[in-house]
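First the proteins, then the strands, lettered A, B, ... as listed; each starts at 1.
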Amino acid sequence: MTEYTSLEKIRLAKIEALRAEGIEPFPHRAERTHTSAQAIAAFEKVEKDTSQAAPAEVNAMLVGRLRAVRQMGKITFAHIEDGDGRIQLFLRANNLGEDKLDFFNRIFDLGDFIQATGFIFRTRTGEVTLHVQDFKMLAKAVSPLPAAKDETTEAGQVIRHAALEDADLRARQRYADLAVNPEVRQVFRTRAAILRALRQFLDERGFLEVETPILQPIYGGAAARPFVTHHNQLKQDLYLRISFELYLKRLLVGNLERVYEIGRDFRNEGVSYKHNPEFTQLEFYSAYADYLQVMELTEQMVAYVAEKVLGRCKVTYQGHELDFTPPWQRLEMRQGLKETAGIDIAAHPTAESLFAAIQKTGRMPDAQATRGKLIDFLVSEFLEPTLIQPTFLYDYPRDISPLSKSKPGDPLTVERFEAYVAGFELCNAFTELNDPLDQEQRFLEMGRDYKADDEEKHPMDEDYLRAMRYGMPPNGGFGMGVDRLIMLFTDKHSIRDVLLFPQLRSEE
RNA sequence: GGGCGCGUAGCUCAACGGUAGAGCAGUGGCCUUUUAAGCCAUUGGUUGAGAGUUCGAGCCUCUCCGCGCUCACCA
C-alpha cells in the first residue's frame, strides 16, 4: 500500500474535489493548436507585420505542465512547460470570472498538466503570454516534483534554485530529473542526434545496418565476463552478447561487403564512471579494407558526427579543448612507449625480460602477466594519460589481440589500433584475421577448448571457424563505445549521465 | 573488493557534544502586469537503521544500509 506524504494527501483531496464536481482529473483526450514555441513565433510574426492597422489576433490552445504559479489576488500568472519550452499564462478574474480563477488557484498545483485556451499578447514587462479564456485539467500530479526554481538575472544568466541535484535520485528517478532539468532532456536529444548521424554516415558509404543475436550460445569477440541466462524449452544456457564481432564477420563470409550494427552489449564487470553493464556499441566491418583505411574512416566519421550534431569539430571536454578535425595524430605503440615509459618493447620479446624492464621504472605489474598484458599495463600507466587530443595508437601485441591479423614480418605484433581521446579509449579496430587455421590456433592459445561440457573452459566457436573456412574476404573492423562518444560531445564525466536508466542497485 | 567522503523537512542547505533551523514548496490570509513576485501567519523531522560512550549525541565510537569520488578488475 502506497504511503502518502502530507503534501500528496492534499493533492489527493483535490482529485476527490474534482470528481465531486463532476470533473475528470485524468481525462482521455487533449487538444492543442500550437506548441509554446509555435505560439510565441506566431504572435511575433503578426506583431512585426505593420501592413494592417491593428495586428491580427493570435488565438491558441496550449498544453503543458505547470512549472510556476504567481497568485496576485484577482490575477494569476503561471508558466507552463511543453516539449518546446515555456510560455506564461495570464489569468484574470475580469475575463475568466472570479469563480473560475478561484477554481484554478484552489485545484491546480505545480506539476499538473493543463490545457489553456486564449489569445496571445505581450505583458507590460514584454513577455509573450497567453491570456487565458478557458482551461482544463489534463492530468493531476499527485506527488510534487522535486522543485527547481529558475531565476533569470539581468545578464540573462539562468540560476536554478533548489534544483534536483542528488546524483542517485536523479538517475533512479530519471523521469523527475528530466521533468525539472531541461538540460538533461537536451543531453538525450544530442544522444539521438549522434546515433542518427552515425547511421547516416555509414548508410551513405554503402554499409548495411543489420541485427544479430543478443542471446548467443557461445559468447566471444571481446574479453569480458558475460551474463548467463537459460532457455527453458531448448534446455540450454545462453549468454547475453559481449560483442557483435563474430556474427558480423560471418556476414562478410555471406558476401555482404559492408555491415554495421548499433546495439547493446552486456558485460558482467564492474560499474564505473565509464562502464555500465549494458552499453551501446557500434561495430562495422568493411571487406577489402585494412586498419589504415579504417583509421581514415574513423576520423572522418567522428568529425562528420561532430559537424552534424554540434556544428563544429572542436569540443570542450572537462576543460580540454579537443579538436576532431582529420587527420588525427598517429602514434605507433612502440614509439609512444619509448617516449613515455623509456622502454623499447621490441627489445623485450619475452614477458620475463619486459617484466624486469618495467620493474626498473618503479611500477609494479602483475607477475603472472603475459607480454601483451605487460605492454597493456605500460600503455595505461604511461601513455594513456598523455593522449588528450584524438590519437590513433597502433600496432598492438599479438597475444592480447586474438582476432587481429599479424603485422607482416613481425610475429609479436598485429595490425590493430585504438583511438584515445581525453585519456580514455574511444574505439578499437583492426585488420581482421581471416585465416581459419591461424584463427583456430589463436583460440587454442587463449585456452578455448573443444570440450564444451567443461565449465571452466570457454568453448571453441566451431561455427565461426566453419564460416571462415568458406572464405572470408580481407577486411577491416571497428568497434566503438557509443556512450563514450556521447560523453565527449555532451561534456559529461560519467556514463551514467548519458544513459537514461543506468544500472543501479535495486531499492530496498 | 580496497581507500576517502557523504546521508538532517518534498527540494536546496544550516546547526561548538547543550532547546533541530532557514529559503523554496505546502496551508490560511492580503494583493489586477508578475516572473526566485511581495507582505503577514502557519504546518511539516524516529537527523539512513541499530547499538555504545556521555548528565546530555545530528555531531564522538562500532555495526549495518544506501550513495558519491577513487583505486582495482574490465584483450
Side-chain angles (χ1 to χ4, degrees), chain A residues 4-11 13-14 67-79 86-96 98 101 106 109-111 121-127 129 131 141-153 158-172 176 180-181 220-225 242-243 245 267-277 279 366 369-373 375-377 379-380 396-404 414 416 418 425 428 430 442 445-446 479 481 493-494 496 504-508:
Chain A
Y4 291 103
T5 64
S6 60
L7 298 182
E8 288 166 335
K9 283 175 185 158
I10 289 162
R11 290 174 177 226
K14 293 182 182 183
R67 291 308 313 278
V69 175
R70 294 175 293 281
Q71 295 179 15
M72 305 184 61
K74 297 285 187 285
I75 61 171
T76 291
F77 286 94
H79 272 94
R86 288 189 180 202
I87 188 167
Q88 184 169 248
L89 305 184
F90 177 65
L91 300 92
R92 189 162 65 171
N94 303 25
N95 311 76
L96 278 169
E98 289 206 18
L101 181 63
R106 207 176 72 237
D109 291 297
L110 295 181
F121 75 114
R122 202 177 273 280
T123 63
R124 276 181 207 167
T125 53
E127 181 163 353
T129 298
H131 192 123
V142 174
S143 304
L145 285 169
K149 264 201 163 185
D150 298 342
E151 173 184 9
T152 308
T153 63
V158 176
I159 301 168
R160 185 152 313 126
H161 300 273
L164 179 62
E165 284 187 346
D166 183 271
D168 178 53
L169 200 63
R170 288 183 48 207
R172 222 174 260 289
V180 302
N181 292 324
R225 279 155 41 210
I242 57 171
S243 140
E245 173 148 6
R267 296 188 182 174
N268 207 338
E269 306 280 357
V271 178
S272 82
Y273 72 96
K274 51 183 177 178
H275 297 92
N276 194 64
F279 63 100
D366 178 4
T370 62
R371 178 173 180 275
K373 290 239 185 196
I375 292 172
D376 203 43
F377 173 81
V379 169
S380 54
Y396 273 65
R398 178 180 181 275
D399 73 78
I400 56 169
S401 314
L403 301 165
S404 312
V414 293
R416 170 179 172 192
E418 291 186 356
E425 177 196 339
N428 179 20
F430 28 90
R442 302 280 196 102
E445 283 170 21
M446 287 166 66
H493 170 70
S494 173
R496 246 191 356 230
L504 301 167
R505 200 181 299 275
S506 301
E507 292 180 83
E508 303 315 303

Enquirer: Could you write out each protein N or O paired with an N or O of nucleotides 27-29 of chain B at a distance under 3.5 Å?
Expert:
unit_1  : atom_1 : unit_2   : atom_2 : d
rU27(B) : OP1    : Lys14(A) : NZ     : 3.1

Enquirer: Can you check nucleotides 68-73 of chain B for protein contacts, nitrogen or oxygen pairs under 3.5 Å, and list what you find?
Expert:
unit_1  : atom_1 : unit_2    : atom_2 : d
rG68(B) : OP1    : Arg496(A) : NH1    : 2.5
rU70(B) : OP1    : His493(A) : NE2    : 3.2

Enquirer: Which is true for Gln88(A) with a 4.0 Å heavy-atom rule: it touches a base, it touches only sugar-phosphate, or it touches nothing?
Expert: base
Enquirer: Name the pairing partner of rC73(B), where a pair is Watson-Crick or G-U wobble with both distances under 3.5 Å, or state none.
Expert: none
Enquirer: What residues, two or more places apart in sequence or in another chain, satisfy salt bridge (charged side-chain N to carboxylate O under 4.0 Å, His left out) together with Arg106(A)?
Expert: Glu21(A), Asp102(A)
Enquirer: Pairing check on rU32(B): which nucleotide meets the Watson-Crick or G-U wobble criteria with it, both distances under 3.5 Å?
Expert: none
Enquirer: For Arg86(A), what residues pass the salt bridge (charged side-chain N to carboxylate O under 4.0 Å, His left out) criterion, not counting sequence neighbours?
Expert: Glu81(A), Asp150(A)
Enquirer: CD of Glu8(A) versus P of rA9(B): gap in Å, rounded?
Expert: 15 Å
Enquirer: Does either side chain, that of Thr76(A) or that of Gln71(A), offer a donor lying less than 3.5 Å from an acceptor on the other one?
Expert: no
Enquirer: Do Ile242(A) and Arg225(A) come close enough that some side-chain heavy atom pair is under 4.5 Å?
Expert: no
Enquirer: How would you list, by chain and number, every residue that makes a side-chain hydrogen bond (donor to acceptor under 3.5 Å, both in side chains) with Thr129(A), sequence neighbours excluded?
Expert: Gln88(A)
Enquirer: Mind checking who rU46(B) pairs with, Watson-Crick or G-U wobble, both distances under 3.5 Å?
Expert: none
Enquirer: Using a cutoff of under 3.5 Å, can you pull out all pairs of nitrogen or oxygen atoms linking the protein to nucleotides 30-32 of chain B, with atom names and distances?
Expert:
unit_1  : atom_1 : unit_2   : atom_2 : d
rC31(B) : N3     : Gly73(A) : N      : 3.1
rC31(B) : N4     : Gly73(A) : N      : 3.2
rU32(B) : OP2    : Lys74(A) : N      : 3.4
rU32(B) : N3     : Asn94(A) : OD1    : 2.8
rU32(B) : O4     : Asn94(A) : OD1    : 2.5

Enquirer: Between Arg70(A) and Leu169(A), which has a closest nucleotide on RNA chain B that is more 5'?
Expert: Leu169(A)
